[in-house]
Novice: 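Quick one: the structure is below, and I'll ask about it shortly.
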Amino acid sequence: MALANVDIEEYIGEVIESSTSQFVAESRELNGAPPFGAFVKTGGVIPVYGLVYNVCTHSIEPNRRATAYGLTEQELRDEQPQIFELLKTEFEAVIVGYGDDRGPRQMLPPQPPGIHRFVLPCAEFEVKALTNNGDFLRCVLSGNRLPADDLIIASVRHAWAARAFDMPYLVGIGKDLCRLIRDDYDRLSSIMRRISQ
Amino acid sequence: MNELWNDLNGRPIKDLNNGQIGVVTKGSLTEGVEMKLNPDRSVEDVKAGKFVVIEGYKNQFFSMITDLSLDATNPDILLYPPHDGDQLLHSVLNGASTYVTVALRPMLMLEAGEEVVDEPRPVKTIPSHFSKVVEAEEEDVSRVFGSEDRDDRFFNMGTPLDMDTPVCLNLNRFVERSNGIFGKTGTGKSFLTRLVLCGMIKKKKAVNLIFDMHNEYGFQAMKEGNSGDSFVKGLKQLFGNQVALFSLDPASSRQRGIQPDHEVHIAYDQIAVEDVVALQDELQLNPTASESAYLVAAMYKNKWLRQLLSVEGPDVEKFAEEIGANKSSLSALHRKLKRIEGFPFMVTKLDGADAVDTMMDYIERGIHIVLEFGRQTSMLAYLLVANILSRRIHEQYVKKSEQYYASQNPADKPKQLVITIEEAHKFLNPTTAKQTIFGTIAREMRKYYVSLLVVDQRPSGIDEEVLSQLGTKITALLNDEKDIQSVLTGVSNASGLRSVLASLDSKQQALMFGHAVPMPVVIRTRNYDEEFYRAMGDLTEEEKVVKAEAASAALFGD
């Protein structure tokens, strides 16, 4: 099922770095990045699906760092609006799948997403397709430099919300997780506890 | 919210998975097969003795659940079990890290669509990994055990655990061998016996001779119940003219409101030495005393007992010298046999027909006989009478069988006779089994058309050889390890049945296994109530009137 044309009005970011297993995008608005653990996709004929694992805000110039002014945000916007032009928010996402004519697939894409492609939030059906079983957890657990436990908690909560907090789904995902980290019962119980909080 | 958790934690959701309860994970032919219970099934719904079907690739394996166990993949889970309120973790672990293993014993193998006719095929192979295990359904039960509609030889004995389909006994195969009904006191052996007897009478598979020690089978008997005691109908009431009541104690019978068809008397001359030898244990005779009896018989032939009992006091010793017997053992013999004189049914000379001749006459006509003992409930009376009558009947049967073998004329074929005895361990304990007629009958199987129905609460007291000759055993709850072991003598794959036997309910549940059922099965016995009476053809008063009116209208016109 080919994606409908990208609606430029809705995009939330633009890809600035990309590789087969992850991409970095600059968010359209400062502090307007998709939430940690959210599912996003890049536009284009072959959308690439990612799971946001890091959001950071810093100065656009690598050598200059922001400094403290001691003013509230409203006062800053009134008195020093230009400093906001010098900051940008970026988010990094680990790739969890891509879409072809049969819908979202939980595999790494043949080609990484193109630079400057727009990034949009995933629709509900896409989130459900990507989180249908526990396979996406395997991606999270095997990634490097990922905050695995917290990412699992956040992504499962998003997937759960997409299903209107259906309890049997949560139990099913819990069982898949259990198989993946069966040796570490403490870790499993901590994660399950925090998911359902 | 709580209900949701209950469903997730294993309250069975019947619509899911079409009644599948698990998949086969491990197993061997000798030790049975193991399956992992589906997480959506509660372990408490799976009971030992339940009947399930393993759907293999080519065959269906009809199996019984013999054992259940709980396992966990990680010992840490057992050290830090989830809190009481932590339902989510509990559900997550259920089936994934903690699981239930159920041990199954395949008993019977059938190809798809096949039905059991007479000989079931033994299990020669096992199902493959991950074969589906489903609960047995009605069709499965009637495929394996037959149904009353299908054929006349099947008789409904009850239903399997947690199901409503009738489980049938193959009566043709039942009467081919001697059989046993066992169970602790109070577990319902008498009801099981009544069921089986009614089956044989209704379907006319054999003629029954019942030695009714406690006056339970002939006319009505007391039933223990929650709502006070009530009465259940006896064989005479259910089957009318097809059953004849003989009584050893007519006065007692009449006092209970029954008019016996015949009174039984026994003449002293009818007692042979073998009959006394059968009483060895009961009378505590040592072997020399029995030898002495033989010596008396050698001299006086069939008047030996009368002669022995007629001497008194010091004459006994002189008598001993005469025949060359040991004095003290003969005195002991004399003293103990004196008790026989006290029985009111013993007579010097018979007037009227010989009881055995009358019985044979009835048996030949296909009429069943219940012999009541009235107040003569002493073990001695029971043993003596049962032995004498059975021995003589057996003699006659041997003659008739041999006549039939010679002539091959179907008209000469003797009717299959089933003799029911209670307290069988008194007749068939290892010492007496070799010497009494009942041991002989049990060993002969169907050669002379006589077989036994043995009812007992102490099977460990019965000789092992006899136990292994019993074709079908119907067992209610047994506690004693020795009893359980004896009942399972000679049964293949007994280990699984052992745990099932020990887990039976104390009332109205029994395990049937052996020749007459294709595979062992636990049943909830059929209720012995109005519905049963009607099924046996007994009509209520109104129905009898209607029937009589219809009959007279047919005969005489309106």
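All chains are named by letter (A, B, ...) in the order of the sequence lines, taking the proteins before the strands, and each is independently numbered beginning at 1. Basis for what follows: all heavy atoms, side chains included, without hydrogens, waters or symmetry-related copies.
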Novice: So, the side chain of A/Lys88 versus the backbone of A/Glu61: is there a donor-acceptor pair under 3.5 Å, distance only?
Specialist: no
Novice: Side chains of B/Arg143 and B/Gln60: any donor to acceptor distance under 3.5 Å?
Specialist: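 Result is yes, a qualifying pair exists.
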Novice: Under 6.0 Å from the CG atom of B/Asp164, do we count more than 12 heavy atoms belonging to anything else shown?
Specialist: no
Novice: May I ask you to name which of B/Thr73, B/Asp76, B/Ile77 has the most heavy-atom pairs under 4.5 Å with chain A?
Specialist: B/Ile77
Novice: To the nearest 0.5 Å, how far apart are CG in B/Leu110 and CE in B/Met519?
Specialist: 10.0 Å
Novice: Where does A/Asp176 contact chain B at under 4.5 Å (heavy atoms): side chain, backbone, both or neither?
Specialist: neither
Novice: Quick one: which residues of residues 32-40 of chain A reach chain B at under 4.5 angstrom, heavy atoms only?
Specialist: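 Result: none.
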Novice: Is B/Asn74 in contact with chain A via its backbone, its side chain, both, or neither, using a 4.5 Å heavy-atom distance?
Specialist: side chain
Novice: Is it true that the side chains of B/Ser142 and B/Ser147 contain a donor and an acceptor less than 3.5 Å apart?
Specialist: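 No donor-acceptor contact under 3.5 Å links the two side chains.
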Novice: What residue pairs, at least two apart or across chains, pass ring-ring contact (aromatic ring centres under 6.0 Å, His included) with a residue in residues 145-187 of chain A?
Specialist: A/Trp160-A/Phe165
Novice: Kindly say whether A/Ile115 contributes a backbone atom to a donor-acceptor pair with the side chain of A/Ser18 at under 3.5 angstrom?
Specialist: no
